[in-house]
Every structure is written in C-alpha cells, then in structure tokens.
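Here's the structure, in structure tokens; my notes come after.
These figures come from a predicted structure and were not determined experimentally. Computed over heavy atoms, backbone and side chain alike; hydrogens, waters and symmetry mates excluded. Nothing fancy with the numbering, it's 1 onward along the sequence.
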Amino acid sequence: LGYLTDTFARELESFGRLDVLAQFTQREIDYFNALPPELRSPETARDGALAMIDHGDAMRNLGKTAEGIKNANAAIGLLGGLRTHGDRSEDTAVALGSGYRLRCSLLANLEDPGAPGACRDAQAMLRPLAERPGASRAARRAYVEALSTTGFEDLQSGDSADTARVTRQAMQIAADL
C-alpha cells in the first residue's frame with residue numbers, strides 16, 4: 001500500500017476527508033505492526049513510518065495531537081533505527097525529515113518549547129538533500145513543508161525576521177516545483 005499513500009493522502013486532504021485518510025493510514029500501520037520479523041525490511045519499515053507520519057498529520061488536523069505525537073515519535077524511532085544501521089538512502093532521510101517536521105508542528109500546537117528544536121532537526125536533515133544540484137522533487141517538497149512549518153513556528157514565537165527569511169526560501173523552492 002505504501003506506494004499509493006502519498007498521492008492518496010494529498011487527494012484526501014484536499015477534499016477534507018481526514019477521517020478516511022486516518023482510517024487508511026491506520027490500516028497501513030496495523031499491517032506493518034502485524035508483519036512477522038522475517039518479513040520486515042528497511043523498505044517495509046520506511047513504509048510503516050511514512051504511514052505513521054501521514055496518520056500523525058491527519059490526527060493533527062483532526063485535533064488529536066497526543067495521537068499525532070505518538071505516531072511522529074514512533075516514525076522517528078523507526079527511521080532513526082534504519083539510519084543507525086547504515087541506511088543512508090534519500091528516501092529514509094526525507095521520511096525522517098518529514099517526521100521531525102510533523103513533530104515540530106504538533107509540539108507547536110501545544111506551545112511546547114521543544115518545537116523549535118524539532119523544526120531545526122527537520123531543516124538540518126532536509127537542507128542538504130534539497131539544495132544539492134539535481135535534488136529530487138520529494139526532497140524539495142519535504143524541505144518546503146519543513147520551512148513553512150518553521151516559518152509558522154517562528155511567527156508564533158515573535159521572530160519576524162526569521163519568519164520572512166524561511167518563508168521567502170520556501171516560496172522560491174515551491175515555485176520551482
């Protein structure tokens with residue numbers, strides 16, 4: 001199911017069908033959690049983590065912040081584990097950056113002081129991927145999302161100069177997508 005999720009998630013969000021998105025991503029998570037260890041691979045772990053990120057985003061939009069944070073932390077744990085074990089693929093790095101971006105957004109909703117650190121983690125993970133020559137669309141899109149989240153977080157904390165800087169940067173990259 002993993003290959004369908006990204007497009008499907010964006011479609012459902014655009015139509016406001018967050019309830020359907022939440023059900024779909026929960027099924028993906030349940031499928032991943034039910035996989036026996038011998039059938040798990042870095043790819044299935046990454047797909048499971050992406051489902052957790054999509055589910056966390058849906059939970060945030062549905063006002064279920066605690067469940068969103070649980071999903072963000074689980075996804076970050078899975079993806080961090082892949083990197084610890086040598087996975088340096090762009091797909092895993094982009095997913096991990098997206099997990100940090102989600103954590104930032106959720107913590108910002110709670111006015112948690114950890115939100116800016118999570119935003120910095122997302123940017124640090126995604127910047128090298130998005131700014132290199134020939135950067136993939138996925139890396140640039142994830143970086144735009146991280147910058148936009150950071151801009152909003154900076155605005156909430158009263159840092160209008162950084163808000164303007166990261167928002168301009170996000171708009172430049174988004175215009176090229």
Any chance the side chains of D176 and Q172 put a donor and an acceptor closer than 3.5 Å?
-> no
Determine the minimum heavy-atom distance between S136 and A139, stating which atoms define it.
-> OG-N, 3.1 Å
Centre of F32's six-membered ring, under 6.0 Å away, within 45 degrees of the axis: is that where NZ or CZ of R40 sits?
-> yes
Which of these, L78, D47, L79, D87, sits in a side chain to side chain contact (heavy atoms under 4.5 Å, CB included) with P42?
-> D87
At what distance, to the nearest 0.5 angstrom, does OG1 of T163 lie from CG of L147?
-> 12.0 Å
If you look at every heavy atom in V94 and A142, which pair is closest and at what distance?
-> CG1-CB, 3.8 Å
Of all heavy-atom pairs linking R46 and L82, the shortest is N-CD1, 4.1 Å
Does any donor atom in the side chain of Q169 or E131 lie under 3.5 Å from an acceptor atom in the other side chain?
-> yes
Which is it for Q156 and F152 under the side-chain contact (heavy atoms from CB on, under 4.5 Å) test, yes or no, and what are the steps along the way?
-> CA-CA 6 Å; Q156 297 303 102; F152 182 76; 3.7 Å; yes
Non-hydrogen atoms of T44 and L35 that approach each other most closely = CB-CD1, 4.0 Å
Establish whether I69 and L96 are linked, either directly or via other cluster members, by ILVMFWY side-chain heavy-atom contacts under 4.5 Å.
-> yes
What about I76 and L107, same hydrophobic cluster or not, with Ile/Leu/Val/Met/Phe/Trp/Tyr joined at side-chain heavy-atom distances under 4.5 Å?
-> yes
Assess whether atom CZ of R88 is packed by more than 12 heavy atoms of other residues, nucleotides or ligands within 6.0 Å.
-> yes
CD of Q26 to CD of E28, rounded to nearest 0.5 Å, is 10.0 Å
Audit row: R132, R127, side-chain contact (heavy atoms from CB on, under 4.5 Å) steps and yes/no = CA-CA 8 Å; R132 70 180 176 203; R127 181 181 301 113; over 6 Å; no
If two hydrophobic side chains count as joined below 4.5 Å and joins carry through other members, does L177 share a cluster with M171?
-> no
Does one side chain, of T25 or D54, offer a donor that lies under 3.5 Å from an acceptor on the other?
-> no
All heavy atoms of A146 vs all of A122, minimum pair found to be CB-CB, 4.0 Å
Is there a donor in the side chain of S89 and an acceptor in the side chain of T92, or the other way round, less than 3.5 Å apart?
-> yes
R165: partners by side chain to side chain donor-acceptor pair (under 3.5 Å), with sequence neighbours left out | D162
So, are R101 and D57 salt-bridged, with charged N and O less than 4.0 Å apart?
-> yes
Looking only at heavy atoms, the pair that brings A93 and L126 closest together is O-CD2, 4.2 Å
How would you list all residue pairs meeting side chain to side chain donor-acceptor pair (under 3.5 Å) that involve residues 61-70, not counting sequence neighbours?
-> H55-E67
Who pairs with N109 by side chain to side chain donor-acceptor pair (under 3.5 Å), at least two apart in sequence or on another chain?
-> none
Evaluate side-chain contact (heavy atoms from CB on, under 4.5 Å) for I53 paired with N71, printing each intermediate quantity in order.
-> CA-CA 6 Å; I53 291 166; N71 280 276; over 6 Å; no
Which is it for S98 and E145 under the side chain to side chain donor-acceptor pair (under 3.5 Å) test, yes or no, and what are the steps along the way?
-> CA-CA 8 Å; S98 296; E145 290 173 355; 5.0 Å; no
Taken to the nearest 0.5 Å, the spacing of R140 CZ from Y143 OH works out to 13.0 Å
Take R120 and E153 through the test salt bridge (charged side-chain N to carboxylate O under 4.0 Å, His left out) and record every step on the way to the result.
-> CA-CA 11 Å; R120 284 190 298 275; E153 173 56 28; over 6 Å; no
How many angstroms lie between CG in D154 and SG in C119, if you round to the nearest 0.5 Å?
-> 7.0 Å
Path from L155 to L110 over hydrophobic side-chain contacts below 4.5 Å = no
To the nearest 0.5 angstrom, please state how far the OG1 atom of T149 sits from the OH atom of Y100.
-> 15.5 Å
